[in-house]
Enquirer: 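First the structure, then my questions, so here it is.
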Amino acid sequence: MAKLPGSSIIDDSQTNGPVGGAPGEIIKDTTTRDFMADVIEASQDALVLVDFWAPWCGPCKQLTPILEKVVRSYKGRVRLVKMNIDKEPSIPGQLGVRSIPAVFAFQGGRPVDAFMGAVPESQIKTFIERFLGEGEGDDLAAVLESADAAFEEGDVQAAAEIYAAVLGEDKENVDAIAGLAKCYVKAGDFEHAESTLAMVPQAKQSHTAVATARAMLELARKAPKASETEALVRRVESNPADHQARFDLALAMQAAGDREGAVDNLLEIVRRNRTWNEEAARKQLVQLFEAWGPKDELTLSGRRRLSAILFA
């Protein structure tokens, strides 16, 4: 995103008058008259986000509550100032606002960046973190956490951009490598996922995040086509002992997002014949658990159910 010019956006004639709201307020409405105190001066002490909105704007109504929630989570390190462009057109006009919602970040008395549209919570956090992390030891962890959140929310593009930015600073960061590889897997670009995983240093090949990404890639490559699922269901229904059909059905369910269905079918194979195809069902379950991570609820319950069958 291009940086915004640092020149002054208001003239002295607009700054006369009372200050709009108490200086310590985290969230407030402002006017052209109070903009100097609420934004320009306040941004000397904290990051100030300016939310340009209008009552008729549907996306604005979606974005503003999310902005408020995120800003409150920073406990005063970030402030939110809201400006109704219908009542106060001067400032947004000077900033070149052409569509809303538009959110500008002010730091050190000047605008430093902006985003447009009703973006997800994870993207707002990522936007903010770029201005708060300087000199903080936990900044990298926070950035990676925001990327993970974006990935979980389905915003693969935003997650990939954050992981790539981290790798631009630290090309051997295994969490970023694994995260970027997962983004490629999600996008169906298995070749780039493989080449990204090849960046992992030899000493860190066993890292949990790397194992998870590799398992995701292998699962995606093995998954049957969606068009084959119905035929597999019919085969299993007509012959419950057709372990190969049930195994393939489990992979298809996993690919379609039905994780519980995948686990149920693989456990059923283990229950019926645990040694089938050199314990393929058990091994596949282990790979699923690796792909989902050790703390995932379905991983935990699936491991318990598998142990109950194996040690019954």
Side-chain angles (χ1 to χ4, degrees), residues 1-3 47 49 62-63 66-67 69-75 77-78 103 105 107 112-201 204-220 257 259 290-299:
M1 185 178 294
K3 293 291 182 183
L47 179 69
L49 302 185
Q62 298 173 19
L63 178 66
I66 301 174
L67 274 173
K69 174 187 173 186
V70 171
V71 166
R72 287 192 181 97
S73 73
Y74 285 95
K75 303 185 184 305
R77 296 169 65 206
V78 183
V103 178
Q107 196 169 50
V112 289
D113 209 345
F115 66 84
M116 314 295 165
V119 302
E121 181 177 333
S122 60
Q123 195 166 325
I124 296 171
K125 289 181 177 179
T126 301
F127 178 81
I128 290 172
E129 287 294 337
R130 292 193 291 112
F131 303 106
L132 296 185
E134 191 172 334
E136 295 185 6
D138 61 349
D139 177 53
L140 182 59
V143 171
L144 287 169
E145 185 177 336
S146 69
D148 294 342
F151 182 84
E152 293 300 325
E153 291 173 9
D155 194 348
V156 178
Q157 182 63 39
E161 290 175 0
I162 301 169
Y163 291 130
V166 172
L167 290 174
E169 299 294 327
D170 178 8
K171 65 180 181 180
E172 293 190 352
N173 187 291
V174 289
D175 290 305
I177 293 172
L180 185 58
K182 286 164 60 178
C183 289
Y184 280 126
V185 172
K186 200 75 170 178
D189 190 344
F190 302 152
E191 183 176 341
H192 274 98
E194 186 67 47
S195 62
T196 299
L197 286 170
M199 297 165 55
V200 178
K204 298 180 179 179
Q205 291 289 333
S206 59
H207 192 283
T208 301
V210 175
T212 297
R214 288 196 186 284
M216 280 187 64
L217 176 58
E218 291 175 16
L219 282 171
R259 301 193 305 158
E290 285 183 347
W292 299 338
K295 296 181 180 179
D296 184 271
E297 290 185 7
L298 200 53
T299 295

Enquirer: Between S146 and I162, which heavy-atom pair has the shortest distance, and what is it?
Expert: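 Taking S146 first and I162 second, the nearest heavy atoms are OG-CD1, 3.9 Å.
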Enquirer: Do the side chains of R214 and K182 get nearer than 4.5 Å, heavy atoms only?
Expert: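 K182 does not reach R214 side chain to side chain.
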Enquirer: Taking the side chain as every heavy atom from C-beta outward, state whether P201 and V174 have any atom pair closer than 4.5 Å.
Expert: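 Yes, close enough: below the 4.5 Å cut-off.
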Enquirer: Looking only at heavy atoms, what is the nearest atom pair of A181 and A193, with distance?
Expert: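 Between these two residues, the closest heavy atoms are O-CB, 3.7 Å.
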Enquirer: Any heavy-atom pair between the side chains of V70 and L49 that's under 4.5 Å?
Expert: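 No - every pair of side-chain heavy atoms lies 4.5 Å or more apart.
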Enquirer: By side chain to side chain donor-acceptor pair (under 3.5 Å), which residues pair with Y184, not counting sequence neighbours?
Expert: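 Y184 satisfies side chain to side chain donor-acceptor pair (under 3.5 Å) with no residue once adjacent residues are dropped.
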Enquirer: Output all residues satisfying side chain to side chain contact (heavy atoms under 4.5 Å, CB included) with K69, sequence neighbours left out; order by chain, then residue number.
Expert: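 Once residues adjacent in sequence are excluded, the partners of K69 under the side chain to side chain contact (heavy atoms under 4.5 Å, CB included) criterion are E121.
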Enquirer: Looking at residues at least two apart in the chain, or sitting in another chain, which of them share a side chain to side chain contact (heavy atoms under 4.5 Å, CB included) with Q123?
Expert: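 Checked Q123 against side chain to side chain contact (heavy atoms under 4.5 Å, CB included); matches are V119, P120, D155, A158.
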Enquirer: Nearest 0.5 Å, what's the CD1-CG distance between I128 and D113?
Expert: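 It is 12.0 Å, given to the nearest 0.5 Å.
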Enquirer: Would you name the heavy atoms of E290 and T212 that are closest together and state the gap between them?
Expert: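 The answer is O-OG1, 2.9 Å.
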Enquirer: Just verifying a value: how many Å separate M216 CE and F190 CZ, rounded to the nearest 0.5 Å?
Expert: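 Rounded to the nearest 0.5 Å, the CE-CZ separation comes to 9.5 Å.
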Enquirer: Are the side chains of F131 and R77 in contact, using a 4.5 Å heavy-atom criterion?
Expert: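 Sidechains of F131 and R77: no contact.
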Enquirer: Do any pairs count as a ring-ring contact (aromatic ring centres under 6.0 Å, His included) and have a residue in residues 156-181, sequence neighbours left out, and if so which ones?
Expert: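 For residues 156-181: none.
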Enquirer: Test of understanding: with side chain to side chain donor-acceptor pair (under 3.5 Å), list the residues that count as partners of Q107, not counting sequence neighbours.
Expert: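 Side chain to side chain donor-acceptor pair (under 3.5 Å) check on Q107 returns nothing, list empty.
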Enquirer: What are the two closest non-hydrogen atoms of A178 and A209, and how far apart are they?
Expert: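 Taking every non-hydrogen atom into account, CB-O, 3.3 Å.
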Enquirer: Under a 4.5 Å cut-off applied to non-hydrogen side-chain atoms, are F115 and L63 in contact?
Expert: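 They are in side-chain contact.
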Enquirer: Taking C-beta and beyond as the side chain, do V166 and L144 meet within less than 4.5 Å on heavy atoms?
Expert: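 V166 reaches L144 side chain to side chain.
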Enquirer: Taking side chain as C-beta onward, heavy atoms only, is K204 less than 4.5 Å from I177?
Expert: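 The answer is no, as the side chains (C-beta and beyond) never meet within the 4.5 Å cut-off.
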Enquirer: Between K125 and Y74, what is the shortest heavy-atom contact and its length?
Expert: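 The pair with the smallest heavy-atom distance is O-OH, 3.8 Å.
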Enquirer: Going through the distances and angles, do H192 and L180 end up as a side chain to side chain contact (heavy atoms under 4.5 Å, CB included)?
Expert: CA-CA 9 Å; H192 274 98; L180 185 58; over 6 Å; no
Enquirer: Measure the OG-CG distance between S122 and D148 for me, rounded to the nearest 0.5 Å.
Expert: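 S122 atom OG to D148 atom CG measures 10.5 Å (nearest 0.5 Å).
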Enquirer: To check you understand the geometry: which heavy-atom pair defines the closest contact between T299 and W292, and what is its length?
Expert: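 Where T299 meets W292 most closely, the heavy atoms are OG1-CB, 3.4 Å.
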Enquirer: By side chain to side chain donor-acceptor pair (under 3.5 Å), which residues pair with D296, not counting sequence neighbours?
Expert: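 Scan of D296 (side chain to side chain donor-acceptor pair (under 3.5 Å), adjacent residues dropped) gives R259.
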Enquirer: To the nearest 0.5 Å, what is the distance between OG1 (T126) and CD (E145)?
Expert: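 The CD atom of E145 is 10.0 Å from OG1 of T126, to the nearest 0.5 Å.
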